[in-house]
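For the numbers below, each heavy atom of this structure counts, side chains included, while hydrogens, waters and symmetry mates do not. Atoms within each ligand, like the ligands themselves, are counted from 1 in listed order. Fair warning: this is a prediction, and the values are worked out from it, not measured in the lab.
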Amino acid sequence: MTNSIYEKLVESLIRPEILALSAYNVPESMGMIKLDAMENPYLWPDELVAEWQALLQHAELNRYPDAQATDLCSVIRSVMNVPKECDVMLGNGSDELIQILAMALAKPGAKMLSFEPSFVMYRLIAQYVNMEYIGVPLNSEDFSIDLEQTLLTIRQHQPELIFIAYPNNPTGNVFDPIHLDQIIQESNGLVVIDEAYQPFADDSFISRLNRYPNVVIMRTVSKLGLAGLRLGYLVGAKHWVHQLNKIRLPYNINVLTQVSAEFALQHHDVFLAQAKKIKTERHLLTNQLERLLNVQVFPSRANFILFKLHNRDATDVFEGLKNKGILIKNLSASGGALSNCLRVTVGKPSENKQFLDALSFLIK
Ligand SMILES: *Cc1c(COP(=O)(O)O)cnc(C)c1O
């Protein structure tokens with residue numbers, strides 16, 4: 001069979017919006033100092049690893065997982081202070097929750113609104129499910145919300161679904177909660193507060209959830225230190241969760257994730273201590289970056305730092321770091337306020353030092 005036969009067939013059958021997409025690119029990182037993906041750099045203490053491995057021996061991989069993940073949900077409820085009137089829905093990462101929300105609200109002609117720049121999966125998933133995506137630009141000097149423009153856009157487009165990353169990725173700032181209140185009040189759609197970076201922020205919207213019928217909150221254990229498990233959760237009124245659960249695939253949280261996450265979250269204090277270390281390092285790394293000439297640092301409440309270069313091409317510096325075995329994220333191609341910007345995940349002290357040394361050398 002020749003290539004052109006496949007090409008014709010694929011082009012005639014796959015939706016044109018999908019043909020136009022490029023696949024989500026994950027760079028090769030073998031053997032590198034990996035500061036590109038907001039992972040927690042710390043492993044578990046040996047005793048915990050041993051205890052966890054003992055539990056895994058009893059995991060029954062011949063059986064389907066508990067479709068409701070009852071035990072895991074109850075640990076999440078207690079550890080994460082989920083208000084008792086709210087229900088919890090689990091996803092294979094919060095990426096899957098974004099997809100479930102979008103699928104559920106994607107009536108013909110439905111719109112999704114978020115900010116630019118923000119988490120790229122919102123826009124991508126809108127495309128996957130045929131929703132129109134509207135990205136309201138953030139203020140370019142500090143990435144705060146342009147409230148007037150946002151309220152105007154909401155009035156004009158009446159989006160069914162609004163995603164607000166709180167703190168925001170890739171910028172690291174938290175938006176003014178008063179702006180969030182106004183957006184929620186203006187919106188006739190569902191507003192999703194994405195608290196992926198909650199372990200590093202000092203603020204959460206969860207205590208305000210009951211004030212609004214049109215708000216749900218999403219969180220994930222990925223940035224906390226369990227990115228490999230793929231587990232996110234949504235907290236909201238039972239009316240929402242009941243409907244969303246209908247399109248969640250029945251066994252989306254596998255046996256190993258259920259056992260491992262339940263165990264890990266029973267030791268939540270270990271992860272909180274790691275998050276605390278990361279916050280301390282974030283503070284140090286911010287100060288050290290600020291000391292470099294021609295580097296503009298954006299204050300972060302997450303486990304990464306966005307910075308802009310004023311005397312060097314960010315892509316050259318990104319490549320230079322990569323050649324020295326250090327992988328960060330190059331956001332320059334996103335353009336707009338992100339042009340010549342790079343994002344570095346806060347790593348271990350030794351990793352941060354190697355990054356800083358290499359960066360200072362490259363931009364001096
Ligand atoms: C990383 C990230 C997520 C994705 O989390 P997963 O649970 O790993 O899918 C969601 N939202 C934001 C804003 C993120 O940065």
Side-chain angles (χ1 to χ4, degrees), residues 24-27 29 34-41 69 72 76 80 88-103 112-126 128 133 135 138 143 145 161-175 180 191-201 203-206 216-236 244 248-249 252-254 257-258 260-261 264-265 271 275 278 282 298 300-306 328-329 331 334 338 341 343-346:
Y24 189 87
N25 172 44
V26 178
S29 61
K34 200 169 176 311
L35 302 175
D36 66 323
M38 283 76 98
E39 291 144 334
N40 170 340
L72 176 54
I76 287 178
M80 304 295 184
V88 170
M89 181 176 76
L90 305 185
N92 193 319
S94 38
D95 287 350
E96 189 189 30
L97 297 171
I98 300 169
Q99 191 184 46
I100 290 174
L101 286 157
M103 286 194 294
M112 177 196 291
L113 181 144
S114 189
F115 298 104
E116 288 299 325
S118 190
F119 187 44
V120 292
M121 289 312 294
Y122 306 145
R123 178 171 41 78
L124 288 175
I125 288 173
Y128 302 163
Y133 177 81
L138 295 170
F143 299 110
I145 290 176
L161 192 51
I162 298 179
F163 281 101
I164 303 178
Y166 186 82
N168 192 32
N169 172 15
T171 59
N173 59 313
V174 272
F175 300 126
L180 266 53
V191 180
V192 183
I193 314 287
D194 180 351
E195 296 193 336
Y197 297 97
Q198 184 271 333
F200 314 99
D203 200 13
S204 165
F205 218 75
I206 207 153
V216 297
I217 288 181
M218 261 184 0
R219 288 193 184 161
T220 174
V221 299
S222 294
K223 298 351 186 303
L224 182 66
L226 301 165
L229 288 182
R230 308 305 298 130
L231 179 70
Y233 60 99
L234 178 142
V235 178
L244 297 169
R248 179 178 63 82
L249 296 176
N252 64 332
I253 311 300
N254 72 70
T257 295
Q258 290 194 29
S260 306
L265 292 179
F271 296 91
I278 292 168
R282 174 184 74 198
F298 295 95
S300 170
R301 303 275 289 279
N303 63 342
F304 60 85
I305 299 169
L306 180 76
I328 65 169
K329 178 84 177 174
L331 294 159
S334 317
L338 288 180
C341 281
R343 184 191 70 196
V344 63
T345 304
V346 179

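A perpendicular orientation is assigned to the rings of F119 and Y122, their planes being inclined by more than 60° (bins at 30° and 60°).
In terms of protein heavy-atom proximity, atom 11 (N) of ligand 1 is nearest to D194 OD2, 2.5 Å. At the shortest separation from atom 15 (O) of ligand 1 among protein heavy atoms lies Y197 OH, 2.6 Å.
Close contacts between ligand 1 and K223 involve ligand atoms 1 (C), 2 (C), 3 (C), 4 (C), 5 (O), 14 (C), 15 (O) [criterion: under 4.0 Å to a heavy atom]. Less than 4.0 angstrom separates some heavy atom of D95 from each of these atoms of ligand 1: 4 (C), 9 (O). Using a 4.0 Å cut-off to heavy atoms of S94, the atoms of ligand 1 that qualify are 3 (C), 4 (C), 5 (O), 6 (P), 7 (O), 9 (O), 10 (C). Annotation for ligand 1: atoms under 4.0 Å from non-hydrogen atoms of S222 are 6 (P), 7 (O), 8 (O).
Within the structure, the closest approach of E96 to ligand 1 does not fall below 4.0 Å when heavy atoms are considered. Within the structure, ligand 1 lacks M121 among the residues with a heavy atom less than 4.0 angstrom away. Put simply, no part of G232 is less than 4.0 Å from ligand 1, judged by heavy atoms.
Summarising the geometry of L306 relative to C341, their closest heavy-atom pair is CD1-CB, 4.0 Å, with the distance given to 0.1 Å. Minimum heavy-atom separation, N173 to F143: ND2-O, 2.8 Å.
When the side-chain contact (heavy atoms from CB on, under 4.5 Å) test is applied to E96, the partners found at least two apart in sequence or on another chain are N92, Q99, I100, N252.
Side-chain polar atoms of R230 and N254 form no donor-acceptor pair below 3.5 angstrom. A donor-acceptor contact closer than 3.5 angstrom links the side chains of S204 and E195.
Side chain of N168 to backbone of P117: a donor-acceptor contact under 3.5 angstrom is found.
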